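Structure first, then comments.
Since this is a predicted model, take the numbers as computed values, not measurements.
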Amino acid sequence: MTAGRFRDEARDLLASHPVVDGHNDLPWALRESAGYDLDRLDVGADQTGRLHTDIPRLRAGGVGAQFWSVYVRSDMAGDDAVSATLEQIDCVDRLLARHPADLAPALTADDMEAARASGRIASLKGAEGGHSINNSMATLRALYALGVRYMTLTHNDNVPWADSATDAPGVGGLSAFGREVVREMNRLGMLVDLSHVADTTMRDALATSEAPVIFSHSSSRTVCDHPRNIPDDVLSLLPANGGVAMVTFVPKFVLPAAVEWTRRADENMRAHGLHHLDTTPEAMRVHAAFEAADPRPVATAATVADHLDHMREVAGIAHLGIGGDYDGTAFTPAGLDDVSGYPNLIAELLARGWSHADLAMLTWGNALRVLRDAESVSRALSTRAPSTATLASLDG
């Protein structure tokens with residue numbers, strides 16, 4: 001049964017149960033392509049060909065809530081990383097102030113519900129990488145005060161207290177300070193995000209966290225063997241924790257044939273003096289020339305649905321969500337080319353027999369619940385004093 005027959009049904013479903021997307025790198029794209037000049041790249045207008053994300057396409061895609069990533073590259077360190085993170089936060093705040101009829105600031109699950117009721121897109125912030133706090137509990141609290149509601153413990157490189165999936169083992173998962181960071185996030189009500197982290201870090205965080213965790217943009221290791229994906233034994237721990245794994249669309253994380261091709265494409269970028277995550281127009285011209293000579297394996301909505309089918313078998317429907325990683329990747333699957341594509345994924349799942357109730361949990365319900373649960377844990381921990389631990393005091 002072809003998914004195309006279900007597209008209208010998918011759009012109707014999203015009108016009632018819109019997508020909560022766990023990860024979108026628009027702020028970094030605005031930094032790289034426009035120096036945060038929101039007049040140069042106005043997301044109130046269609047920016048097809050320049051960005052994956054704009055308000056008209058968010059509306060067309062049935063997005064009801066978005067975690068905007070306030071990511072900074074992990075080769076930034078110390079106070080430079082903190083300052084860049086603050087610039088990212090400022091970018092999101094200015095976006096929301098510029099488009100109040102469409103984007104609603106959200107800090108809580110209740111805020112998400114209120115935004116949906118008002119017909120606006122709930123807008124939350126997620127920090128991507130523990131380097132953004134520069135080993136400081138006070139900085140972690142400051143980010144929370146500025147609206148950050150999840151932090152990914154690492155990005156592509158280790159931090160002194162946590163191992164990344166794409167770096168050599170450092171501390172063997174979480175150090176003592178790393179576990180204290182998780183506990184302080186629980187106290188605040190900030191979601192612990194385990195995308196990008198090593199398997200050992202995933203397991204240590206799940207053993208430490210008193211609140212549900214998330215994977216803001218990760219897929220299944222069994223379906224596509226990439227270290228950025230989640231192994232089945234970790235997926236199987238989510239029901240007891242209450243956490244949510246938000247499937248990503250990045251081709252090299254979902255399509256096995258794309259893994260090796262992307263390695264070659266990344267090497268080509270570095271040979272041209274560019275960072276492999278660069279998505280500026282210059283970088284995309286380099287990518288296009290490479291792709292013309294070495295055609296790219298193309299993922300589809302069905303590829304992503306294969307991950308969701310498997311993840312549902314292992315973790316259960318109550319522990320799945322969506323985190324596309326738009327504007328954080330040079331390539332996207334066919335049919336999921338930009339943020340307008342979510343109905344194509346929902347149509348594919350409808351064609352596979354997913355029920356409306358299951359899809360409502362996938363798109364909206366699970367993400368709402370996990371944030372509400374983290375808030376509940378924070379209230380239960382309200383008598384716990386803010387942590388004054390330091391890296392030196394706990395890790396020596």
Aromatic ring proximity, centroids under 6.0 angstrom, Y71 and H23: no
Verdict with reasoning, D193 to S216, per side chain to side chain donor-acceptor pair (under 3.5 Å): CA-CA 6 Å; D193 178 21; S216 67; 2.7 Å; yes
Test item: D21 side-chain N/O and F67 main-chain N/O as donor-acceptor pair under 3.5 Å: no
Contact summary for E348 and R352, nearest pair of heavy atoms: OE2-NE, 2.7 Å
R57 and its salt bridge (charged side-chain N to carboxylate O under 4.0 Å, His left out) partner, picked from D338, D102, D337: D338
Any donor-acceptor N or O pair under 3.5 Å, side chains N135, W161: yes
same_hphob_cluster(L30, L86) at 4.5 Å side-chain heavy-atom cutoff: yes
Heavy-atom side-chain proximity of V171 to F177 below 4.5 angstrom: no
Whether over 12 other heavy atoms sit under 6.0 Å from D12 CG: yes
L359 and E9: CA distance, side-chain angles, deciding distance, side chain to side chain contact (heavy atoms under 4.5 Å, CB included) verdict: CA-CA 12 Å; L359 289 167; E9 186 178 346; over 6 Å; no
Any H17 side-chain heavy atom under 4.5 Å of I346 side chain: no
Of T139, D80, L143, D90, the residue whose pairing with T85 passes side chain to side chain contact (heavy atoms under 4.5 Å, CB included): L143
V20-L349 co-clustered via ILVMFWY side chain contacts under 4.5 Å: no
N/O donor-acceptor pair under 3.5 Å between H196 side chain and G129 backbone: no
L153 CG to D204 CG distance, which is reported to the nearest 0.5 Å: 10.5 Å
Over 12 foreign heavy atoms within 6.0 Å of CD, E267: yes
Contact check, side chains of L26 and L95, non-hydrogen atoms, under 4.5 Å: yes
For S74 against N156, the heavy-atom pair lying closest together: OG-N, 3.8 Å
Contact check, side chains of L238 and I230, non-hydrogen atoms, under 4.5 Å: no
Test side chain to side chain contact (heavy atoms under 4.5 Å, CB included) applied to K252 and R263, step by step: CA-CA 9 Å; K252 67 180 178 180; R263 185 192 64 76; over 6 Å; no
Residues H356, L350; criterion side chain to side chain contact (heavy atoms under 4.5 Å, CB included); working and verdict: CA-CA 8 Å; H356 282 217; L350 285 166; 3.8 Å; yes
Whether N186 side chain and V377 backbone form a donor-acceptor pair below 3.5 Å: no
V63-Y326 co-clustered via ILVMFWY side chain contacts under 4.5 Å: yes
4.5 Å side-chain heavy-atom contact, L14 and V19: yes
Ring centres under 6.0 angstrom apart (W261, F331): yes
Shortest non-hydrogen contact from G35 toward R40: N-NH1, 4.3 Å
Check against salt bridge (charged side-chain N to carboxylate O under 4.0 Å, His left out), R98 and D39: CA-CA 10 Å; R98 186 181 178 99; D39 290 321; 2.9 Å; yes
Contact summary for R228 and S195, nearest pair of heavy atoms: NH1-CB, 3.9 Å
Any donor-acceptor N/O pair, S83 side chain to D79 backbone, under 3.5 Å: yes
Single-linkage hydrophobic cluster V72~L274, side-chain heavy atoms < 4.5 angstrom: no
Exercise: do T108 and D110 side chains pair donor with acceptor under 3.5 Å: no
Chi angles and distances behind the side chain to side chain donor-acceptor pair (under 3.5 Å) call for H310, D232: CA-CA 9 Å; H310 180 78; D232 280 359; 2.9 Å; yes
ILVMFWY network linking Y150 to L107, side-chain heavy atoms under 4.5 angstrom: no
Whether F249 and Y342 hold their rings parallel, tilted or perpendicular, with breakpoints at 30° and 60°: tilted
Reported SG-to-CZ distance for the pair C224 and F253, which is rounded to 0.5 angstrom: 9.0 Å
Stepwise salt bridge (charged side-chain N to carboxylate O under 4.0 Å, His left out) check, R285 with E282: CA-CA 5 Å; R285 284 191 291 271; E282 177 191 0; 5.8 Å; no
Test item: R5 side-chain N/O and A351 main-chain N/O as donor-acceptor pair under 3.5 Å: no
Test item: V234 and R203 side chains (from C-beta on) under 4.5 Å apart, heavy atoms: yes
Side chains of Y36 and Q88, donor plus acceptor under 3.5 Å: yes
Distance-minimising heavy-atom pair for R120 and A104: CZ-CB, 3.5 Å
E128/W28 under side chain to side chain contact (heavy atoms under 4.5 Å, CB included): CA gap, chis, key distance, verdict: CA-CA 11 Å; E128 189 176 16; W28 186 260; over 6 Å; no
Identified side chain to side chain contact (heavy atoms under 4.5 Å, CB included) counterpart of L235 within the set R312, H319, M311: M311
Heavy-atom side-chain proximity of L41 to S33 below 4.5 angstrom: yes
Criterion side chain to side chain donor-acceptor pair (under 3.5 Å) on D327 and T279, from CA distance to verdict: CA-CA 8 Å; D327 284 305; T279 57; over 6 Å; no
Side chain to side chain contact (heavy atoms under 4.5 Å, CB included) partner of M361, chosen from V244, L368, L320, I317: I317
Side-chain donor-acceptor contact under 3.5 Å, D25 with S69: yes
Any donor-acceptor pair under 3.5 Å from R116 side chain to I121 backbone: no
Student check: side-chain heavy atoms of S376 and R379 closer than 4.5 Å: yes
Atom of M269, atom of H275 and distance for their closest heavy-atom approach: CE-O, 3.4 Å
Option passing side chain to side chain contact (heavy atoms under 4.5 Å, CB included) with D167 (candidates V159, T154, N158): N158
Working for salt bridge (charged side-chain N to carboxylate O under 4.0 Å, His left out), residues R372 and E375: CA-CA 5 Å; R372 198 179 298 284; E375 294 165 10; 5.0 Å; no
Q66 side chain vs S123 backbone, donor-acceptor pair below 3.5 Å: no
Side-chain (N344) to main-chain (G335) donor-acceptor, under 3.5 angstrom: yes
